[in-house]
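Notes follow the structure.
Position 1 is the first residue of the sequence, and the numbers go up from there.
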Amino acid sequence: MRNTKPETRRRGTPDFQLLILTLLLVGFGVIMVFSSSSSVALLNKEYNFDSLYFVKRQSAFAVLGLFIMLVAMNIKMEKYKKLFVPLFFITILLLIIVLFTGSLNGAKSWLRFGSVGFQPTELAKISIILYLSALIVKKGDRFRDLRTGYIPVTVIVGCVAGLIMLQPDLGSCFILVATSGLIIYAGGASVKHITASIVLLVLGASIVFGIGSLFGGDSGNTDGQAAAKQDYKIGRFQAFLNPEKYRQGTGYNLVQSLQAIGEGGLNGSGFGKGIIKLHYLPNSFNDFIFSVIGEEFGFIGTAIFLMLYLYFIWRGMIIALRCHDPFGTLVGTGIMGLIAIQAFINIGGVTQTIPITGVTLPFISFGGSSLLVMMFSMGIMLSISRENTKQAVQERTTGVAVRNEVPNRFQTRRTNRFR
């Protein structure tokens, strides 16, 4: 008995596979930021003609992110159930404040602290995951009720999404809504309610897009520049449908991205030997970093990278589904869903699978806000994995299954959906 008590009380060990995969992705991201930004920084006075300008900043954010991840990993899940309230309201406050700041590239998305910028939308993604997960678990069976359960939750999501659209940031808004929808579905919401919400969302978006096309489009301009000035969302959609037609305007980035991926061929040009990144492709170290990966590592290297990414997401989902606490399951599902959705939108945009929305590739693209929030999220995932191993030890040592008391229908739906 003396030996078993300390063992059951001790925190479990983190999932080392997920930890190593996270570090590999972050490390690869730093390397690719160097490859894709060194030539741009070397020839630009704004970056002090320093080829290491971006990689230094990304490395600093990676070190800070590692510290945040280790701290988050050692916070128990019970504390996250209390942390979500202040974190959510801080996020709302920041999303309101950013609307009164100066715009960058036509959007008010950044809060500046000297030379360092921060995007509240990145914090909003993890805040909404924690908030929705706690709220759904608290409501239990009442969550399936339309008036007292489903509508209040969707109103919260709508308010946050609305603040993001005011910036405007269409890509982040879509990611937040899609991630929220995944959590709501996993939490046991009625399929009828979800379907009705999707229909209303598509209908509303179609009306807005139609009005924008009617009053903001310029059918007589073939290069797409007027469309981009009137409405950048419509310009990007036009470029998606026919990038060659708008290659001198809104389709330029997409044409260069596709050319870079095509130049990669089977084996790629080799690390650091890409051509398109040399002032042909804007934001090659940010939104279009996957294009640089495609050119320098080719089909084989890109396939290996994508398989590693998929295994990373799969491993995270396994950890989420093994959690005995519904809150941990929903949070883990939301975090891994967020990463998968954002990665799909980034890669889909640069490969002309979907319209470009201007979002980063998680762990890989240059960007301090995104990297810090993603590593904080992985700290939460590792905390969930520690709870899993602790509970497994308790079950082995006591012979009694550890389960939190939750409504049977909620537990059953959660298990059946993700088994």
Kindly give the heavy-atom pair with the smallest separation between Leu306 and Ile347, and that separation in Å. CD2-CD1, 3.7 Å
Contact summary for Val26 and Ala62, nearest pair of heavy atoms: CG1-CB, 3.8 Å
Just by distance, do the side chain of Asn267 and the backbone of Gly298 share a donor-acceptor pair under 3.5 Å? no
Would a line drawn from the ring center of Phe84 to the ring center of Tyr80 be shorter than 6.0 Å? no
Any side-chain heavy-atom pair of Leu130 and Phe88 under 4.5 Å: no
Pairwise side-chain contact, Glu387 with Asp325, heavy-atom cut-off 4.5 Å (strictly under): no
Could you tell me which non-hydrogen atom of Leu176 sits nearest to which non-hydrogen atom of Ala124, and how far apart they are? CD1-O, 3.9 Å
Is the ring pair Phe366/Phe285 parallel, tilted or perpendicular, if the boundaries are 30 and 60 degrees? perpendicular
How far apart are the C-alpha atoms of Asn346 and Phe290, what are their side-chain angles, what is the distance that settles it, and do they pass the side chain to side chain contact (heavy atoms under 4.5 Å, CB included) test? CA-CA 8 Å; Asn346 176 275; Phe290 184 79; 4.2 Å; yes
Rounded to the nearest 0.5 Å, what separates atom OG in Ser36 from atom CZ in Phe288? 12.5 Å
State, with a plain yes or no, whether a side-chain heavy atom of Asp15 is found less than 4.5 Å away from one of Arg315. yes
Let's go through Leu19 and Met69 carefully: what are the C-alpha distance in whole Å and the side-chain angles of both, what is the deciding distance for side chain to side chain contact (heavy atoms under 4.5 Å, CB included) to 0.1 Å, and is it a yes or a no? CA-CA 10 Å; Leu19 176 59; Met69 183 177 70; 3.6 Å; yes
For the backbone of Gly379 and the side chain of Ser383, can you confirm whether one donor and one acceptor N or O come within less than 3.5 Å of each other? no
Got a second to check how far Ser38's OG is from Leu278's CG, nearest 0.5 Å? 8.0 Å
Counting only N and O atoms by type, is there a donor-acceptor contact under 3.5 Å from the side chain of Ser385 to the main-chain atoms of Leu382? yes
Would a 4.5 Å heavy-atom cut-off, applied to side chains only, mark Phe305 and Met32 as touching? no
Contact list for residues 150-180, test ring-ring contact (aromatic ring centres under 6.0 Å, His included), sequence neighbours left out: Tyr150-His193
In terms of heavy-atom contacts, Leu338 and Thr179 come closest through CA-OG1, 3.6 Å
Please determine, by modelled atom types, if Ser257 and Ser291 share a side-chain donor-acceptor pair under 3.5 angstrom. yes
Would a 4.5 Å heavy-atom cut-off, applied to side chains only, mark Gln167 and Ser172 as touching? no
Can you tell me which residue pairs pass the ring-ring contact (aromatic ring centres under 6.0 Å, His included) test with a partner in residues 329-364, sequence neighbours excluded? Phe312-Phe363
Between the side chains of Thr91 and Ser127, is a donor N or O closer than 3.5 angstrom to an acceptor N or O? yes
Sequence-distant partners of Lys56, salt bridge (Lys or Arg N to Asp or Glu O under 4.0 Å), two or more places apart: Asp50
Kindly indicate whether the side chain of Phe34, heavy atoms from C-beta on, has any atom under 4.5 Å from the side chain of Gln58. no
Begin from the C-alpha positions of Leu64 and Ile68 and carry the test side chain to side chain contact (heavy atoms under 4.5 Å, CB included) through to its verdict. CA-CA 6 Å; Leu64 179 58; Ile68 293 174; 4.2 Å; yes
Is it true that a side-chain atom of Asn286 and a backbone atom of Ser365 form a donor plus acceptor pair closer than 3.5 Å? no
Sequence neighbours left out, what pairs pass salt bridge (Lys or Arg N to Asp or Glu O under 4.0 Å) with at least one residue falling in residues 279-297? Lys277-Glu296
When you compare the side chain of Tyr311 with that of Gln17, does any pair of heavy atoms fall below 4.5 Å? yes
Pairs flagged by salt bridge (Lys or Arg N to Asp or Glu O under 4.0 Å) wherever residues 355-370 is involved - sequence neighbours left out: none
Side-chain donor/acceptor of Asn48 to backbone N/O of Tyr53, under 3.5 Å: no
Gap separating the CG atom of Leu170 from the CE atom of Met165, nearest 0.5 angstrom: 5.0 Å
To the nearest 0.5 angstrom, please state how far the CG atom of Asn74 sits from the CZ atom of Arg386. 4.5 Å
So, for Leu135 and Ile156, which heavy atoms are closest and what is the spacing to 0.1 Å? CD2-CD1, 3.7 Å
Heavy-atom side-chain contact between Ile339 and Met378 under 4.5 Å: yes
The criterion is ring pair (Phe, Tyr, Trp, His ring centres under 6.0 Å); which residues satisfy it with Phe299, sequence neighbours excluded? none
Is there a donor-acceptor contact under 3.5 Å from the side chain of Tyr252 to the main chain of Tyr280? yes
How long is the span from the CD1 atom in Ile92 to the CD1 atom in Ile128, to the nearest 0.5 Å? 7.0 Å
Indicate the atoms forming the closest heavy-atom contact of Ile335 with Ser377, along with that distance. CD1-O, 3.5 Å
In sequence, state the C-alpha distance, the side-chain angles, and the governing distance for Leu361 and Val350, and then conclude on side chain to side chain contact (heavy atoms under 4.5 Å, CB included). CA-CA 11 Å; Leu361 182 59; Val350 302; over 6 Å; no
Under the 3.5 angstrom rule, does the side chain of Thr329 hit a backbone N or O of Ala320 as a donor-acceptor pair? yes
Quick check for you: to the nearest 0.5 Å, what is the distance between Leu87 atom CG and Tyr131 atom OH? 12.0 Å
